[in-house]
Amino acid sequence: MSSDVTNLYAEVQQFYAMQMQRLDRVDAEGYAATFTEDAEFIHSPGQPGSHGRDGITGDVYKVAEQFETDPQQRRHWFNMVNLEPSDDGRITATIYCLVVKNRAGQKPEFVSCVVHDILARVDGELLTQYRRVEYDPRDV
Amino acid sequence: MSSDVTNLYAEVQQFYAMQMQRLDRVDAEGYAATFTEDAEFIHSPGQPGSHGRDGITGDVYKVAEQFETDPQQRRHWFNMVNLEPSDDGRITATIYCLVVKNRAGQKPEFVSCVVHDILARVDGELLTQYRRVEYDPRDV
Amino acid sequence: MSSDVTNLYAEVQQFYAMQMQRLDRVDAEGYAATFTEDAEFIHSPGQPGSHGRDGITGDVYKVAEQFETDPQQRRHWFNMVNLEPSDDGRITATIYCLVVKNRAGQKPEFVSCVVHDILARVDGELLTQYRRVEYDPRDV
């Protein structure tokens, strides 16, 4: 493997660690800033996605509202990062995600999903341009 | 650390992400192709292992048969990848693995194990030459 | 990202895999050797920390004593490694940690926490100089 590709791999891992730690501390603006201005975010298959940083910021606050009646610390684990660089410089990433929901007095609750990202570089900075979340079968 | 070693680290992580995503979508031939032609795969201590790509392909289909009566989406999480390159160019890898079994109407089920791999490079391509799975104590 | 930074990222991941695999096989001295001589380790907020390699070795043996009456194989999963190199050469690392406790006849038990590390390089070798563990809300 070329060192360009392996450097990219570490950069993407560092990017996801930073991005999802922002989400988990409900830094909505900081999280939205890791997406491109024209980003599309499809949370659930078959439902309309969110668009742009304002849309993503709004989504974070909407989820955080639930925490007022159901207090919890979420941790988003991204792993098994599978990258396919494309010729136009963008990167297709297929990532396993475990959402760990931690509540006082309870065992952690887990949700397993797969995240489909397209990453783009804007002024040298890696950003998510497209994200689609696909949930594994679960108890809902 | 030399950049050779750190490049290898990213390459191995990318390899495992690709390899195990193939397994989890029951791409048996694609999964088997990530092993060397002479690979040995020991699933359970004390039991005979599988040999070669045909043996590994057969194992994947055998496991997938269970999914007909017990539908589930498995996700193999590899993490805590500990690499020890050896002088002959092969790499010993000790990896923590969580198997996440996702079924409709149920919470995820977890199995914790340690994967002992020997990776070899064939015509420049990284492949698994030997795999031994060691299960942690569990409810069976 | 510069290749120095991405090389560091892989080096830190390899370091954590090696460090925590030593802990999980109760290699107390080997684990303590991954900390600096003057290391501080704060296990629980508001409680006094451990100091130096002897202090850390003692902690490992103290935890292992519990395993005599409650046999288990622990696996420490570090992930979502977020690194911030500082000007003095030290590295601030914020890491998600899942402790997986595996017991015969039982499902795995999980504890979610965040590890705050300061890593330093001593004679070229990466070591943990400071560690503080912050637990997520849980059933205790």
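In what follows, every chain begins at residue 1, and chains take the letters A, B, ... in the order their sequences are listed. Note that the structure is a prediction, hence the values are computed from the model and not measured.
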Specify which of E125(A), Q19(A), H76(A) makes the most heavy-atom pairs with chain C at under 4.5 Å. H76(A)
Under 4.5 Å to a heavy atom of chain A? For C97(C) that would be backbone
How close do Q21(A) and N82(C) get, counting heavy atoms only, and between which atoms? OE1-ND2, 3.1 Å
Considering all heavy atoms, the nearest A17(A)-V81(C) contact: CB-O, 3.2 Å
Where do L98(C) and W77(A) land on the side chain to side chain contact (heavy atoms under 4.5 Å, CB included) test, with the steps shown first? CA-CA 10 Å; L98(C) 264 186; W77(A) 283 61; 3.6 Å; yes
Which atoms of L8(C) are under 4.5 Å from chain A, going by heavy atoms: the side chain, the backbone, both sets, or neither? neither
With sequence neighbours excluded, residues passing side chain to side chain donor-acceptor pair (under 3.5 Å) with S86(C): D88(C)
Using non-hydrogen atoms only, which part of Q13(A) is less than 4.5 Å away from chain C: side chain, backbone, both, or neither? both
Taking side-chain contact (heavy atoms from CB on, under 4.5 Å) as the criterion, tell me which of Q72(A), Q73(A), Q106(A), K101(A) meets it with P137(C). Q73(A)
Atom pair CE/OG1 of M18(A) and T94(C) - distance to nearest 0.5 Å: 12.5 Å
Among residues at least two apart in sequence or on other chains, which ones pass side chain to side chain donor-acceptor pair (under 3.5 Å) with Y9(A)? none
May I ask you to test the Y96(C)-V100(A) pair for a side-chain heavy-atom distance under 4.5 Å? no
So OH of Y135(C) and CG of N102(A): to nearest 0.5 Å the spacing works out to 12.5 Å
Against chain C, label R75(A) side chain, backbone, both or neither, depending on which of its atoms sit under 4.5 Å from a heavy atom there. both
Please report the closest heavy-atom contact between N79(C) and F78(A), naming both atoms and the distance. ND2-O, 3.1 Å
